[in-house]
Amino acid sequence: MISFLNNTQRNLWHSLDIDQAFKILETSERGLKSNQAEEKIKKHGLNTLPEEKPSGSFKILLNQLKSPLVYILLIAAIVSLVLGEYIDMGVILLAVIINTVVGFAQENKAERAVYLLRKMVHHTARVMRDGREIEINSQEVVPGDIIFLEAGDKIPADARLIQENDFQVNEAALTGESVPSSKKIEILAKGTSLADRENMVYMGTVVTRGRAQAVVCQTGLESELGKITLMIKETKEEQTPLQVKLTKFSRFLSVSVSAICVLILIIGILEGENFFEMFMVSIAVAVSAIPEGLLVAITAVLAIGMQKILKHKALVKKLVAAETLGSTTVICSDKTGTLTEGKMVVAEILTASSKTKNFSAITKEKDLIFQTAVLCNDAVIENPQDDLKKWRVIGSPTETALILGATQMGLNRSELNQQQPRLKEAPFSSETKIMATLNQIDQNNFKIYVKGASEKIFDMVSYVYVNNKKIKLTSVRLKSLKKEYEKLTQKGLRVLGLAYQESKKNVLNLDKIKKEQSLVFVGFIALKDPLRPEIKETINLCQQAGIKIVIVTGDHKLTTLAIAKEIGLKVKKENVLEGADLDNLTDQEFKKKVNKIIIYSRVEPRHKLRIVDAWQAQGDVVAMTGDGVNDAPALKSADIGISLGSGTEVTKETADIILLDDNFKTIVAAIKQGRVIFDNIKKVILYLISDGSSEVVLVIGSLLLKLPLPILAVQILWINLVADGLPSIAMTFEPAEKDVMQIKPQEHSKTILDRDMKILISIIATITNVILFVLFYVLFKQGLDIQYVRTMIFATLGLDSLFYVFSCKSLRYSIFQTNIFSNWYLIGGIGIGLVMLLLAIYAPFFQMILRTVVLDFKDWLVILGLGVFEIILIEIGKYIFILKKYKKQHHQIEC
Ligand code: ATP
């Protein structure tokens, strides 16, 4: 039993023969029984490694205290304490607490969201249980399981190979060696080093080629990977480009604002103001103008966005993807399963002598077609004993359709497999586009079955099967077959060619077959794949949103052209490029052409990389889908790498996004959400910076004009941190604007503030500062009590920011065109902000702390009037400088 093995023995699996390994692991070629597996899970635990953990709550809390803003506030608190100004100290400490709590709550939520999303990526493994091949969660793999491996799989546990066919594994994850190693099943010497153990495969490494079966020896922490990852790693999320830019921007702002505050302090002292009062005001202005909460708020926007995207069945693995999604300009999409349902059915069969949709009229030729389709097929039925309708098939849609079609025709797959067992195989790959098997007929006779893209099959045949006979394929007949083939593809069908060859040797050499053209052509099977029901609508939505759609497929050009037209793409023959023709173009030539190509047919994975590069070279933001083992480089290189949920483990690992339902609509829904994220990031920045800059000029202006301070430090802190705190967080929850999918993709801005944002911030800052300054000047010059005047300024400043938050809700529409109640969090935040403002003015305790006095009804009329006046001015400015230009653009798009 494995638990009895000591460490040295555990390292010896490679030196055991297969039967010895079976014996120790209490298993056989037929795998474990379910109850045995359950027992083993109890004994060995789940096949998992220590999880990468999100930062602990305490660490996140400490992070909040590490910001320059807090340092400044703490210095101010200490100065207040030394000077005996306990009330000011109390307010400052309250500000620190509020800032910490808000920052903590947001960052904690974001961290958890990212962590939970990452945990949702499930890996599966194909194992033999109760004598049948089934798919299970990799966590449930136990020692003794027989696992099936093929290209694109991530190996779920350490295992000893028991069968292999042209099998290669990339073991870089474990050994650092990136050149794939070929694997064999022969016994190795005891001292063989890990990197040279050719008969072993290890957890976390990746199958790059071929197929194999292996018996699992060690799982979870007992695996080699488990041993080296025993130390619990802490997740270090990379910063997204926007976050990097924001950090720089915040730093720049902090330095400039600090300089301004030093200036305020110096002017104040020169003007003979009280040092402590001036010191506090400088600090308060600094605190409100430094947008410290920005980075955390943006992370929260991204995390909330990722969760929303998940509701649409797309799993965003990296924060960066969420932000880049919004600016996607091109989607390069697969066809099968993404644009179509991926539920293929046999639509037509065509032999060299007949064509029929009536499969029951089976002839020998058709019998042979389906025999080829079934024997040269890797799909696995999990429950063959059940009714056909209830079958669960593991395999590609193409192979599944062939099995189901053949079974409907009355062919019995397991019988066929027993009569003609498979000895050798050349698995299907996107590069070769064919699959071949060698099956045994009797001791001296073998048969090779081949199926694949028809033109590839044509290259390998010189005979044809007609009227139950193999005859020479004449050029006239070949021409007519090719014509029939074209006709089928023009209907949007996927057409497979099928061929066979009798042989006396137990050898499968495709190169030789190709050279000798020794195959006998049997016929075609045409498969129909229904379009996804909502696909036309979605394509239309993309077109309105200015997103280009490109189909990148391994299928035939005419099949794809027919489907493209059906889904509503305006595409002609000149918009189609075949993989082979792409090979003939230089990079320069291709880049000139790339804009015109809507369909790439018969592509190989390597072409995808060139397509991504060519689009990116002209400044486009490219989303590329992929599912195969060799799609990973293109997905990595694309701005958004999208793996289909049904794709290989390797693609899922590389991708930024996993489409859980493979659906094209989901990509578009995710892009829409990306645009909302982009918009909300802008809105949060806009509000925080506008809010911070609305009293700087007021304070400096008053000092320069030798007027007393128009507002006290504690009052500034109260407005910025207490009253406006919640509305700024609520901005992260803004819903989508109505036209979010009717505008061009937003440019990936090079700076944090784009032109429109700068304009709106300047408008808000100028208007609020001027209004407040005039109000202060007029009231003060009337000789009114300074405490009353400051309370008026305090209330006006507080109310204004709760008003103009509505102007920040859209950079494309005026306040009168937006639904101001679209975000109830914001309404709630504003409500609480108002209560905080009223408390500050009417509650005796806060009056004492904030040095405010009671305002009467008339005062409020003035304040409200000014607030409304300010909003009108802001909106007029917004209309003249921003909306007019935007309207023109909108009009152009519509035209
Ligand atoms: P799509 O964009 O439609 O998803 P794809 O890029 O995944 O297509 P492949 O699956 O690589 O395309 O198929 C390319 C061609 O290879 C098909 O048109 C078909 O002729 C052939 N083919 C597909 N699957 C198999 C298979 N299992 N065995 C043999 N030939 C196949």
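Read the numbers this way: they start at 1 and go in the same order the structure lists the ligands and their atoms. No hydrogens, no waters, no symmetry mates; every other heavy atom, side chains included, goes into these values. Since we're looking at a predicted model, the values are computed, not measured.
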Q. What's the verdict on side chain to side chain donor-acceptor pair (under 3.5 Å) for N663 and E534, showing C-alpha distance, side-chain angles and the deciding distance?
A. CA-CA 10 Å; N663 195 340; E534 64 295 314; 3.3 Å; yes
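In the displayed structure, Q618 atom CD is contacted under 6.0 Å by more than 12 heavy atoms of other residues, nucleotides or ligands.
None of E455, E431, E578 except one satisfies the salt bridge (Lys or Arg N to Asp or Glu O under 4.0 Å) rule with R602; the exception is E455.
Residues passing the side chain to side chain donor-acceptor pair (under 3.5 Å) test with T398 are R494, sequence neighbours excluded.
The aromatic rings of F524 and Y485 sit parallel, their planes meeting at an angle under 30°, below the 60° perpendicular limit.
No side-chain heavy atom of D620 sits less than 4.5 Å from a side-chain heavy atom of D639.
For ligand 1, the protein residues within 4.0 angstrom (heavy atoms only) are D334, K335, T336, T398, E399, F428, S430, K433, M435, K451, G452, A453, R494, L496, V552, T553, G554, D555, R602.
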